[in-house]
Structure formats: structure tokens, C-alpha cells
Amino acid sequence: MKSVDTVVENKGDAERPVQSRAFGVEAALMAAVRVVTRATGFLISMLVARMLGAEGRGVFAALAAPTALATNFSEMGIRQATAFYVGNGTLTAKRAVPTLLTMVLLSSALGATLSLVYFEIVGVAEGEWLWRALAAMAILPSLAVSYATGVFLGQKRIADFRKLSWQPPIVRLVAIAAGGWVLGMGLSGVLAANLLGAFLGAGYALRLLGRNGPLRLGYDRRIAAMLHRKGLSYAVSLFILMVNYRIMTLLLTIDGDMVAVGLYAQAALMAELLWEVPNTLSALVLSRAVTTSEEEKAAFSGKVMSLARVAVALGAAASLCLAIAAPFFFPLVFGPDFARSADLCVALLPGVVAFTLFKILNIDVAGRGKPWVTMIVMLPVLLLNIGLGWWAVREAGAMGAALASSVSFIVASFAYLFVYARVVGVSPLAVVTPTRTDLELLRRALGAFDPRRKFKRKA
């Protein structure tokens, strides 16, 4: 077989990356878009909770968790592999896209089949084949968006990535309000609205992807093999991460108490809002990491460490506010059925804050083409999570799940701190010690929202 470099006949023909703004400015703009997206997501969560109650919310979560895992498994790390190879010039988007589109169809068929098999074995939404079908069908548009964003990140088209982030949630909000609330379609309306938003998002992603040239189906075995080889390590590490995120929902589902599933799902959704900073910045960090030269990697990792410290500090402050407000917030916003979610949310917060450090540092390592590093930490943590979670769910139900999850996240973050320090060649203390650079990064990020800045640029 030919070497990887022969896939592109002339690397000089590879697309040049889009000129980008300063790191702090891009971070702030990504955060602004994410605020809009998450505000919409919060309104959706409030509507769903009030429409379905704790038990209905539990069924929705029981359908969504395995579907998300199936999507992650079917993705096979292709987004990260595409960003890596397009970013370093080994692949051009024009050559990669036909193969990617064909892989979307094949992978989504696999993911939908796995989801439906799981639903049948565990007995999720037993007898409700429409609910199962609507949940499984969302895998296709989700994979289309994922593969397309791999191209955007490789080309540093962060603006297109931002555009793709805010439209589908707004469509979902309108559809859920119309189908579920106004028309009283219940869970069927919520699932249909999710599917509608996913397909509209995929359509917009394909429209943006079409700027690289006409879209068509094709299959180049060399490109597919290259992406799968690189993507496999990303896929395994990401799948292990996703199982760690969803394992408590799965264990509670197997236990059979849909009310407990609903209470835990709503608590986890609120606690995980603290991950919005790392989730927002992950695309930006990955895009910069895959296009950073070897000489610049040390300086870039310094910025990532600074970003991680700022994110953890902000997350800790936000978690304190959420912990104080939770007993009043949950019953007031989501309804009295979810009053018990407040204590579950508070139990999750220490682990969620600690795991913020992991989530940002991990993107830097993935951008270096070393996703296997994640498995060194997260595979043992997954075993801990499963064992501890199984015991805790049996002993204390949803509260046991929350405490077990929090402990596992703290252990994972502490272990990954030492692994990351070894990868980048610094001491663990250097990763977590605040510096003046942290304040400078925060100042530049806040400066992105200064209206005078735009005026000066025009002048």
C-alpha cells in the first residue's frame, strides 16, 4: 500500500487555512455563541420536564443515552481524524468529502441497528416502536454534522462552525413548543422535534460543506483506510469517555426506575452546564492544535494550560452559585416533581468542576495525534465507574449514582493531570499553578465584546 502522503498528489494544492483571529478573541466569540445555544437548550429542558414529568423525562433519557453512545461508536473518530489530516495538509477537503458522505450512510445504519437492538434487550419504551425509531433516526443527521465539522476544523473555518451551532437548537425549541406543548403530542412530539432540528442542522452543514465543491457520494479505499486507522484510536478513547458520561443513566435504566432516571438526568443536565466552557472551546483548541507546528506546540500548550486554569476557576464559582440556588431553582423552574433533583445536582458538582481540567487538556493531547493517552486514564476509571456505580445504584438509587459519578470524575482528573504533564514535558504543579498569563487571556477574551474594539478596527 502507498504511503499516506500519496493520497494527495500535490500537497501544494491543499486548501490554505482560513486566517484566524487571536486565540482569546476566538474563545470569547465561541463562548458567546454557546451561551445562546445553551440558553435555548435550557428552555428546551424546562419545557420537556414540565410536559413529561419525572417518569416521562426518564423514558426520554433512557432513549437518548444509548443513542448518543451508538452515535459516538459509529462515528469511529472520523471527525478528529479528518481535522488532523486536513489540518496538516495530508488531505484536501475536495478529495475527502465524497468518501465522508458515503461513510455517513454506512455508519448511521450501524448505529441505528445497535440502538434498536439495545432498546429491545433492555426493554426501553417496550412496545413503543415509534419512539424507538425517532430516537434511532437522529443518528444519521448527527453523523453528517460531525463529519462536516471535521473538515471545518481542519480548515480553521471556526466562523462556519459557529454558524452551525445556534440554528438547530432554536428550531428544536420552536418545534417542541409547537408539537409538545401547544398540540399536546407529549414524548412523540419531543422526539420528532429533536429529529427535525437534527436534520435541519445537517442540511445547513452540507450547504456549508458544498463551498469546497459540488457534493457527491464516492468511496476511496485509501482515504477511508487512512481515516479509520487514525480515527480508531480517537474512537476508542471517545467511546470510553461517552460511556463514563452515560453509564449512570444506563445503570438506573437497567434498575428499571424511570422516575429515578428522570431525576438524575435533569440533575446531570444542570450540573454539566459547567462544562460549557470546555465544550465551547474544544473545537477551537482542536482546530489550532492540529495546525500548530512542532516548534509552536510548547507555546500553544502553555495557552491551553492557562485556559484550563481559568475554566476551572470560573466553574468553581458557578458551581457555588448553583449549589446555593438548586433547592429553590429545580422545583420552581422544572416543577415540583423535580425537587429531589436539587440534591443530586449538588452531589455531582465537585466531580463536574474537577473534570473541566481534564476536558480542556485532553483536546490538546488529541490535537497532537495522541488520543490513546486518554485511554491510559479513562479505561481504569470506567471500570471504577461501573463497579462503584453498580453498587451505589443498588444501595442508594439516584443519589448513589450521583456520588459515584462525582468520585470517578475527580479520580480521572487527578490522574490525567500527571499524564498530561508528562506528555507536554512540564511538572504537574506547573499545569495548575496560576500565572499572569491567565489574567491576560481573560482580559483579551472580555475585550472581544468591547464595542470600541470594532470601531478602532474600522478606523
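Along the sequence shown, residues are numbered consecutively beginning with 1.
By the neighbour-count criterion of 12 heavy atoms within 6.0 Å, atom CZ of Arg340 is sparsely surrounded, having that number or fewer from other residues, nucleotides or ligands. Counting heavy-atom neighbours within 6.0 Å of Tyr245 OH, excluding the residue itself, gives a total above 12.
In this structure, the side chain of Arg79 does not engage the main chain of Leu143 through any donor-acceptor pair within 3.5 Å. Without hydrogens or angle criteria, Ser74 side chain to Thr71 main chain gives no donor-acceptor distance under 3.5 Å. Looking at Ser108, its side chain does come within 3.5 Å of a backbone N or O of Leu105 through a donor-acceptor pair. A donor-acceptor distance shorter than 3.5 angstrom exists from the side chain of Thr253 to the backbone of Thr249, with no hydrogens or angles considered. Not a single donor-acceptor pair under 3.5 Å links the side chain of Arg246 to the backbone N or O of Pro66. Looking only at distances, no side-chain donor or acceptor of Arg57 sits under 3.5 Å from a matching main-chain atom of Leu263. Between the side chain of Thr67 and the backbone N or O of Ala136 there is no donor-acceptor pair closer than 3.5 Å. A distance-only check finds no donor-acceptor pair linking the side chain of Ser406 to the backbone of Leu403 [under 3.5 Å].
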Less than 3.5 Å apart, which donor and acceptor atoms pair up between the side chains of residues 383-391 and the rest of the protein, not counting sequence neighbours?
unit_1 : atom_1 : unit_2 : atom_2 : d
Asn385 : OD1    : Ser408 : OG     : 3.1
Asn385 : ND2    : Asn244 : O      : 3.4
Asn385 : ND2    : Asn244 : OD1    : 3.1

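A distance of 6.0 Å separates OG1 in Thr374 from CG in Leu241, rounded to the nearest 0.5 Å.
Note: Phe334 and Phe329 have perpendicular aromatic rings, judged against thresholds of 30 and 60 degrees for the angle between ring planes. Note on ring orientation: taking the six-membered ring where Trp is involved, the planes of Phe239 and Phe73 are perpendicular (angle over 60°, cut-offs 30° and 60°).
A donor-acceptor pair shorter than 3.5 Å can be found between the side chains of Ser146 and Glu75.
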Let's go through Phe338 and Phe330 carefully: what are the C-alpha distance in whole Å and the side-chain angles of both, what is the deciding distance for ring pair (Phe, Tyr, Trp, His ring centres under 6.0 Å) to 0.1 Å, and is it a yes or a no? CA-CA 6 Å; Phe338 292 92; Phe330 276 89; 8.1 Å; no

